[in-house]
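So the structure is just underneath, and the comments pick up after that.
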Amino acid sequence: MSGPNNEYDPVQVTPLNAEEVAAARDAALAAVEAAADLEQLKQARLDHAGDRSPLALANREIGALPPQARKEAGQRVGQARGAINQALKARQEVLEAAHEEQMLVVETVDVTLPVDRHPRGARHPLTTGAERIADVFVAMGWEVAEGPVIEAEWLNFDALNLGPDHPARTMQDTFWTSPAENHVVLRTHTSPVQARSMLTRTPPIYVVCPGRVFRTDEYDATHSPMFHQVEGLAIDEGITMAHLKGTLDHFATAMFGEGITTRFRPSYFPFTEPSAEVDLVCFVCRGTAVNEDGDTCRTCRGEGWIEWGGCGVVNPRVLVACGVDPERYTGFAFGMGIDRTLMFRHGVEDLRGFFEGDVRFTTAFGTEI
Ligand code: PHE
C-alpha cells in the first residue's frame, strides 16, 4: 500500500487485521477439532487460547489503537476468542465422555471369571492325620497328651525299663545333644509321654500322644531321621490284653473301614510285658493276599496283613518308676508310625513326600483347612 502511514492505522498492526484474526481462529478451530484426546486438547488450548497464543498477543495490541479501530478490532478478536473457547468447551465435553466410555471398557470387571485365583494352602496330611487319629480316641473319652521332642534321657529310656546297659537301647539309634553329660536326647519314640502322663496324673489314665520322633536313620523312601508316632496308654484297675486288642480293633476299623481288624504276634519291648507286634488286615485285599485280578496284593505283598506297630501290657517296673501302684493298677500301651499309617491308607510309596514341602503332594490329600 502506498501513501503516508497513519500513526494509528489498524492495518499496520497486522495481527489485528481481519484475515489474520480469521486465520488464527481457523487454525485454532482446526487444532481443537483435530485433538484426539484430552492431552492433545490441552496442548491446543495452550497454543491457541493460552497467554502466548496469537490472539492473546493480538488482544494486547488493541489498547494502542484509536477508538474506532479499537472497537472493531476488539469485536473481531473477541468473537474469534469466543468461538475458540466455545469449540474448546464442546470438544472437552466430547473427549471427556469418550474417555469415560473408554475407562468403562478398560476397567470392566468380568464377574464370571473365577474368583480367588491365589491357590489356597492346605493343612499338612500329617497334621490332619494325627488329628483324625486323636479324634478316634477322644470320642472314647481319652485325652490328648503332648511332650517335648527334646527329652531327658531318663524319660526316653530309663523310666521305660531301658536301663543304661539294656540291649534294647541300641535298637534305637539316638541323637544325643551336647554336652552328653546333660543326658538330653531327641526323643526316639513317643513313649516318654507315657511316663510323663503317669507322673503328672493319677489313674485312671487314658491318653493318646501323637508327635515327632527322631532316630539316626538314613533318609530314603521308607526311612527318615524324623518321623511321627502315636502312642496310646490306658491305666486303670483290671486292664488286660483283651482291652488292648478291642481298642486296637476299634482304632483299625475307624481308620480303615469295617472288617479291618488286627492280630498280635509275640514280640519284646522292655516297657511292656507281654509285648506284641500288631498287624492290620490288609485293607486292599482284605486279608485274601490277592488283588481283583488274582495277582499278589501289592499293598501287603501277598501277606494279607500289614505291620502296624508295637503294643503290650505295661511292665510293672514302668508303673513303679512312674509312681503308679502296680498292685492296684494295670495298663496297656501301643505305638505306631503316623507317617506309615498314612502311607498305606493313601497308597503313598515314598515317605519323603511328607517332608519335602511340595504342595502338589499335600493337596492330593485334599485341601482341608
Ligand atoms: N515305643 C515303641 C517303638 O517306638 C512302640 C511301642 C509303644 C511298643 C508302646 C509298645 C508299647 O517302637
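Every number for a ligand or one of its atoms is a count from 1 in the order of the listing. Keep in mind that this is a model prediction, so the values were computed, not measured.
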Practice task
Of the side chain and backbone of Phe271, name the one, both, or neither that has a heavy atom under 4.0 Å from an atom of ligand 1.
Solution key: side chain
Exercise for the section: Run the contact test for Met336 against ligand 1 with a 4.0 Å cut-off on heavy atoms, strictly below, and give the result. Expected result: no
Handout entry: Residue selection (non-hydrogen contact nearest atom 10 (C) of ligand 1) among Pro270, Cys311, Ser267, Gly232
Key = Cys311
Practice task
Please work out which of His189, Glu231, Arg187, Gln229 has its closest non-hydrogen atom nearest to atom 9 (C) of ligand 1.
Solution key: Glu231
Problem - Under 4.0 Å to a heavy atom of Gln194 - the qualifying atoms of ligand 1, by number - result: 9 (C)
Exercise for the section: Just jot down the side chain to side chain donor-acceptor pair (under 3.5 Å) partners of Arg340, sequence neighbours excluded, or say none. Expected result: none
Handout entry: Tyr329 and Val314, any side-chain heavy atoms less than 4.5 Å apart
Key = no
Practice task
Look at Asp217 together with Arg215 and state whether they make a salt bridge at an N to O cut-off of under 4.0 Å.
Solution key: no
Fill in the blank from the handout: Quick note on ligand 1: atoms under 4.0 Å from a heavy atom of Gly310 include exactly 6 (C), 8 (C), 10 (C)
Handout entry: Residues Glu131 and Arg123 bridged, charged N to O under 4.0 Å
Key = yes
Exercise for the section: Please confirm whether Arg215 comes under 4.0 Å of ligand 1, counting heavy atoms of the residue only. Expected result: yes
Problem - Atoms in ligand 1 flagged as close to Gly335, the criterion being non-hydrogen separation under 4.0 Å - result: 6 (C), 7 (C), 9 (C)
Fill in the blank from the handout: Note: Ser191, heavy atoms under 4.0 Å from ligand 1, region reported as side chain
Exercise for the section: May I ask you to decide whether Arg263 forms a salt bridge with Asp279, counting only side-chain N to carboxylate O separations under 4.0 Å? Expected result: yes
Practice task
Flag the pair Arg298 and Glu349 as a salt bridge only when some basic side-chain nitrogen lies within less than 4.0 angstrom of an acidic carboxylate oxygen.
Solution key: yes
Handout entry: Candidate list Leu186, Asn182, Thr216, Val185, test side chain to side chain contact (heavy atoms under 4.5 Å, CB included), partner Trp176, passing option
Key = Val185
